Undergrad: 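Below is a structure I'd like to ask you about.
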Amino acid sequence: MSETVGVEASRELVDFIGRSPSMFHTIATVRAYLDEKGFAFLPEGEPWSVERGGSYYTVRNGSSIVAFTVGTELDDYHFQIAASHSDSPTYKVKSVPELEGPGEYLRLDVEGYGGMIDNTWLDRPLSVAGRVLVREGSRIQGRLLYIDRDILVIPNVSIHMNRDVNKGIELNRQVDLCPLFSAGRLKRGAFDAMVAQELGVEPEQVIAKDLFLVNRQEGRVWGWEDEFVSAPKLDDLQCAFSSLKGFLAARNEHAVNVFACFDNEEVGSNTKQGAMSTFLHDALVRLNLSLGKDVQDYYRAVAGSFLVSCDNAHAVHPNHGEKTDDVNCSVLNGGVVIKEAANQKYTTDAFSRALFSAVCTDAGVPVQTFANRSDSAGGSTLGNLSNTQVSVHAVDMGLAQLAMHSSFETAGALDTAYAINALAAFFSTNLLIDGFESAQI
């Protein structure tokens, strides 16, 4: 792979992230890619008609999506799935959004969504994005909203008023992380009035909101040699983008290829649109029935299926190499990362590692390994949660990044293309899995 190709993939990633300021916008952006390729939309509330050779997608809650392409020759019928997530850690605006004072100040009342690094949200331009429910007569309609302007800031306390700030402080989210909205020009009710104005409706028509803070700092490829890509939401939009591009670049006439992107991974996935929900199971069962197959066919297909759970991994930190395992660690621009944990927080086992590593090797994609230090607990991701509903062989894969859960994260500019190539190879390879001991690639 040429470095030019790698860098251009990350430039497109930056554009994708810029078009995805909330999980709702992420799915709208994914839909635009699918629509351009001629995928047919299958609403969950309508009958489905699925044919061999077709390309389809369905959406739940406007924030999760399952897309699939159906092969024309399904003698060894099975599913090859890549799953990522559409959400990232941020702050959610509360239903009553405004706090008055002290003095003439008007602030927003927000609460944490996920495990973000709080202090990275201070002193930078912010806005809001998400979904607004609007009433028009007897109809309630959801609308996407992104106020594409700098309208908020969470100011730090001056060092003169907090002399110990550089010794480390604990921020109180109820006190320290309320965004400043106005210094006196705006009064109570201005936030909903602003939302209504942006949507072209009256304030009383705005009846509910799922709005989140957005870091307005633009993503970029940077470095003297263009080695790095930095942007908000690399976790997990770098994997969502890469798996989507790999999915669209591939064709497998012997399987059903599936791209899934779930909401709410950052808060546990236990929602109707999360990886732990029935969404993927429901979509695959309906697909199976629409192809004229029965329950036995479905369970046989699942037994021969494979999932790549796509969520980023921790790179070795340049100033704190001691934070990672001595040998099971990953670096920027070193290729895709297979993640493994003895506590089963990741889905990888020897069988799934062997299959996915072989696919990557055949595609010329370098593979790295990540495991947590044995004396520190790591995070979890969506693969093991989705497996509670659709139990398949699975591997956890990600891309090495720095400052995970910061409001502005950094990864290797070449790794985006490595992931696209790896997932395109996965979707193009007809995996024939024989139980739990052997497979043909």
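These numbers come from a predicted model, not from an experiment.
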Undergrad: Measuring from atom CG of Leu423 to atom CG of Leu248, what distance do you get when rounded to the nearest 0.5 angstrom?
TA: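 Answer for the CG-CG pair, Leu423 versus Leu248, is 11.5 Å.
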
Undergrad: Side-chain contact, heavy-atom cut-off 4.5 Å: Val337 with Asp415?
TA: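 Side-chain contact under 4.5 Å: no.
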
Undergrad: Taking His281 for the side chain and Gln389 for the main chain, is one N or O donor matched with an acceptor at less than 3.5 Å?
TA: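 Not confirmed, His281 side chain does not pair with Gln389 backbone.
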
Undergrad: Does the side chain of Arg251 reach to within under 4.5 Å of the side chain of Ser55, using non-hydrogen atoms?
TA: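 In short, these two side chains touch, coming nearer than 4.5 Å.
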
Undergrad: According to the salt bridge (Lys or Arg N to Asp or Glu O under 4.0 Å) rule, which pairs have a member within residues 346-370, sequence neighbours left out?
TA: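 Residue pairs passing salt bridge (Lys or Arg N to Asp or Glu O under 4.0 Å), neighbours aside: Glu340-Arg353.
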
Undergrad: Among pairs that include at least one residue of residues 314-324, which meet side-chain hydrogen bond (donor to acceptor under 3.5 Å, both in side chains), considering only residues two or more places apart or in two chains?
TA: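 Checked against side-chain hydrogen bond (donor to acceptor under 3.5 Å, both in side chains) - neighbours excluded - the pairs reaching residues 314-324 are His320-Glu322.
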
Undergrad: Might you confirm whether atom CD of Gln197 has over 12 heavy atoms from other residues, nucleotides or ligands at distances under 6.0 Å?
TA: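 Not buried by this count: 12 neighbours or fewer within 6.0 Å.
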
Undergrad: Is it the case that atom NZ in Lys92 sees more than 12 heavy atoms from other parts of the structure closer than 6.0 Å?
TA: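 Above 12, so yes.
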
Undergrad: Around atom CD of Glu218, are there more than 12 heavy atoms from other residues, nucleotides or ligands closer than 6.0 Å?
TA: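 No, because the 6.0 Å sphere around CD of Glu218 holds 12 heavy atoms or fewer from other groups.
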
Undergrad: Without swapping roles, check the side chain of Asn215 against the backbone of Gln217 for a donor-acceptor pair under 3.5 Å.
TA: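 Flag set: sc Asn215 to bb Gln217 pair under 3.5 Å.
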
Undergrad: As a quick check of understanding, evaluate side chain to side chain contact (heavy atoms under 4.5 Å, CB included) for Ile433 and His393, giving each step before the final call.
TA: CA-CA 9 Å; Ile433 296 174; His393 294 287; 3.7 Å; yes

Undergrad: Testing the basics here: between Asp123 and Asn156, what is the closest heavy-atom pair and its distance to 0.1 Å?
TA: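 Closest heavy-atom pair between Asp123 and Asn156: OD1-N, 2.9 Å.
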
Undergrad: Restricting to pairs with a member in residues 165-178, which pass salt bridge (Lys or Arg N to Asp or Glu O under 4.0 Å), not counting sequence neighbours?
TA: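 Residue pairs passing salt bridge (Lys or Arg N to Asp or Glu O under 4.0 Å), neighbours aside: Asp118-Arg173, Asp164-Lys167.
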
Undergrad: Among residues at least two apart in sequence or on other chains, which ones pass side chain to side chain donor-acceptor pair (under 3.5 Å) with Arg216?
TA: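 Scan of Arg216 (side chain to side chain donor-acceptor pair (under 3.5 Å), adjacent residues dropped) gives Tyr146, Asp148, Asp150.
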
Undergrad: Using atom types as modelled and distance alone, determine if a side-chain donor or acceptor of His405 lies under 3.5 Å from a backbone N or O of Pro89.
TA: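 Looks like no, no N/O pair under 3.5 Å.
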
Undergrad: Tyr346 vs Phe370 aromatic rings, parallel, tilted or perpendicular, using cut-offs 30° and 60°?
TA: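 Plane angle over 60°, so perpendicular.
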
Undergrad: Please answer whether the main-chain N or O of His25 pairs with a side-chain N or O of Ser22 as donor and acceptor at a distance below 3.5 Å.
TA: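 Yes, because the side chain of Ser22 sits within donor-acceptor range (under 3.5 Å) of the backbone of His25.
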
Undergrad: Hey, is the main chain of Leu385 close enough, under 3.5 Å, to the side chain of Thr388 for a donor-acceptor pair?
TA: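 Side chain of Thr388 to backbone of Leu385: a pair is present.
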
Undergrad: Mind listing the closest non-hydrogen atom pair of Ser330 and Gln368 along with its distance?
TA: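 Answer, listing the atom of Ser330 first, then Gln368: CA-OE1, 3.3 Å.
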
Undergrad: Please test Val395 against Phe351 for side chain to side chain contact (heavy atoms under 4.5 Å, CB included), starting from the C-alpha separation and ending with a verdict.
TA: CA-CA 9 Å; Val395 66; Phe351 184 81; over 6 Å; no

Undergrad: Salt bridge or not for Glu104 and Lys187, using N-O below 4.0 Å?
TA: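 So Glu104 pairs with Lys187 through a salt bridge.
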
Undergrad: Name the orientation class of the two ring planes belonging to Phe247 and Phe427 (parallel below 30°, tilted from 30 to 60°, perpendicular beyond 60°).
TA: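 Geometry flag for Phe427 against Phe247: perpendicular rings.
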
Undergrad: Is the shortest side-chain heavy-atom distance between Phe191 and Leu106 below 4.5 Å?
TA: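 Sidechains of Leu106 and Phe191: no contact.
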
Undergrad: Under 3.5 Å, side chain of Thr348 to main-chain N/O of Asp396, donor-acceptor pair present?
TA: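 Between the backbone of Asp396 and the side chain of Thr348 there is a qualifying donor-acceptor contact (under 3.5 Å).
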
Undergrad: Using a strict threshold of under 4.0 Å (side-chain N to carboxylate O), is an ion pair present between Arg11 and Asp226?
TA: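 A salt bridge is present here (some side-chain N lies under 4.0 Å from a carboxylate O).
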
Undergrad: Write down the atom of Asp87, the atom of Glu266, and the distance for their closest heavy-atom approach.
TA: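 Asp87 and Glu266 have their closest heavy atoms at OD2-N, 3.0 Å.
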
Undergrad: Does Arg143 come within less than 4.0 Å of Glu136, counting only side-chain N to carboxylate O?
TA: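 Salt bridge present between Arg143 and Glu136.
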
Undergrad: Under the side chain to side chain donor-acceptor pair (under 3.5 Å) test, which residues partner Thr120, sequence neighbours left out?
TA: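 None.
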
Undergrad: Quick check against the 3.5 Å criterion: does Gln238 have a side-chain atom that pairs as donor or acceptor with the backbone of Leu13?
TA: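 Flag not set: sc Gln238 to bb Leu13 has no pair under 3.5 Å.
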
Undergrad: Ion pair present between Lys209 and Asp192, side-chain N to carboxylate O less than 4.0 angstrom?
TA: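 Yes, charged N to carboxylate O under 4.0 Å.
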
Undergrad: Please step through side chain to side chain contact (heavy atoms under 4.5 Å, CB included) for the pair Asp311 and Lys339, ending with a clear verdict.
TA: CA-CA 9 Å; Asp311 201 357; Lys339 304 185 293 181; 3.9 Å; yes

Undergrad: Is the count of non-hydrogen atoms from other residues, nucleotides or ligands lying under 6.0 Å from Tyr105 atom OH greater than 12?
TA: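 No, because the 6.0 Å sphere around OH of Tyr105 holds 12 heavy atoms or fewer from other groups.
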
Undergrad: Side chains of Leu307 and Thr347: closer than 4.5 Å at any heavy-atom pair?
TA: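 A side-chain contact is absent here, since even the closest heavy-atom pair is not under 4.5 Å.
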
Undergrad: Indicate yes or no: does Asp15 engage Arg19 in a salt bridge with an N to O separation below 4.0 Å.
TA: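 Judged by the 4.0 Å cut-off on N to carboxylate O distance, Asp15 and Arg19 do form a salt bridge.
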
Undergrad: If every non-hydrogen atom of Ala413 is compared with every non-hydrogen atom of Ser10, which pair is closest and at what distance?
TA: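 Closest pair (atom of Ala413, atom of Ser10, distance): O-OG, 2.7 Å.
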
Undergrad: In a check of side-chain contact (heavy atoms from CB on, under 4.5 Å) between Phe228 and each of Leu332, Leu414, Val221, which one passes?
TA: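 Going through Leu332, Leu414, Val221 one by one, the side-chain contact (heavy atoms from CB on, under 4.5 Å) with Phe228 is satisfied by Leu332 alone.
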
Undergrad: What do you reckon, is NZ of Lys94 surrounded by more than 12 foreign heavy atoms closer than 6.0 Å?
TA: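 Above 12, so yes.
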
Undergrad: Do other residues, nucleotides or ligands put more than 12 heavy atoms under 6.0 Å from Arg373 CZ?
TA: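 Atom CZ in Arg373 is packed in, count exceeds 12.
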
Undergrad: Please indicate whether Glu225 has more than 12 foreign heavy atoms, meaning atoms of other residues, nucleotides or ligands, lying under 6.0 Å from its CD.
TA: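 No, because the 6.0 Å sphere around CD of Glu225 holds 12 heavy atoms or fewer from other groups.
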
Undergrad: May I ask you to decide if Thr429's main-chain N or O and Asn252's side chain share a donor-acceptor pair within less than 3.5 Å?
TA: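 Yes; judged by distance alone, with no hydrogens or angles, the pair exists.
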
Undergrad: Is a side-chain donor or acceptor of Gln273 paired with a backbone partner of Ser63 at a separation under 3.5 angstrom?
TA: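 Not a single qualifying donor-acceptor pair exists.
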
Undergrad: Quick one: pull up CD1 in Ile81 and OG in Ser305 and give me the separation to the nearest 0.5 Å.
TA: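 Here the interatomic distance stands at 5.5 Å.
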
Undergrad: Within a strict 4.5 Å, meaning less than it, do heavy atoms of the Arg124 and Ser407 side chains meet?
TA: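 Yes, side chains in contact.
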
Undergrad: With rounding to the nearest 0.5 angstrom, report the CD1 to CD distance, Ile207 to Gln141.
TA: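 These two atoms lie 11.0 Å from each other.
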
Undergrad: Once the angle between the rings of Phe24 and Phe212 is folded into 0 to 90°, is it parallel (under 30°), tilted (30 to 60°) or perpendicular (over 60°)?
TA: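 Plane angle between 30° and 60°, so tilted.
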
Undergrad: Could you tell me if the side chain of Ser230 sits less than 4.5 Å from the side chain of Trp222, heavy atoms only?
TA: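 Contact flag for Trp222/Ser230 side chains = yes.
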
Undergrad: Taking all non-hydrogen atoms of both residues into account, name the closest pair between Thr29 and Ser20 and its distance.
TA: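 It is OG1-OG, 3.4 Å.
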
Undergrad: Indicate whether any N or O donor in one side chain lies under 3.5 Å from an N or O acceptor in the other, for Tyr91 and Asp109.
TA: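 Tyr91 vs Asp109: no donor-acceptor pair found between side chains.
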
Undergrad: Taking the side chain as C-beta and beyond, is there a heavy-atom pair between Val308 and Ser243 under 4.5 Å?
TA: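 They are not in contact (no side-chain heavy atoms under 4.5 Å apart), so the answer is no.
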
Undergrad: Output yes when a side-chain donor or acceptor of Ser277 lies under 3.5 Å from a complementary backbone atom of Lys272, and no otherwise.
TA: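 The answer is yes, because a donor-acceptor pair under 3.5 Å joins these two groups.
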
Undergrad: Can you name the residues that form a side chain to side chain donor-acceptor pair (under 3.5 Å) with Arg188, not counting sequence neighbours?
TA: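 Listed in chain order: Glu100.
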
Undergrad: Please lay out, stage by stage, how Arg60 and Thr271 fare under the test side chain to side chain contact (heavy atoms under 4.5 Å, CB included).
TA: CA-CA 11 Å; Arg60 181 172 289 183; Thr271 62; over 6 Å; no

Undergrad: Ignoring hydrogens and geometry beyond distance, is a side-chain donor-acceptor pair present between Thr278 and Asp282 at under 3.5 Å?
TA: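 Yes, because at least one side-chain N or O of Thr278 sits under 3.5 Å from a partner of the opposite role on Asp282.
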
Undergrad: Determine the sole option in Phe41, Trp48, Phe259 for which the ring-ring contact (aromatic ring centres under 6.0 Å, His included) test with Tyr57 is passed.
TA: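 Among the candidates, only Phe41 passes.
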
Undergrad: With side chains defined as the heavy atoms from C-beta onward, is the minimum distance between Tyr418 and Asn333 less than 4.5 Å?
TA: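 They are not in side-chain contact.
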
Undergrad: At their closest point, which heavy atom of Phe39 faces which heavy atom of Phe68, and how far apart are they?
TA: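 Minimum heavy-atom separation between Phe39 and Phe68: CE2-O, 3.8 Å.
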
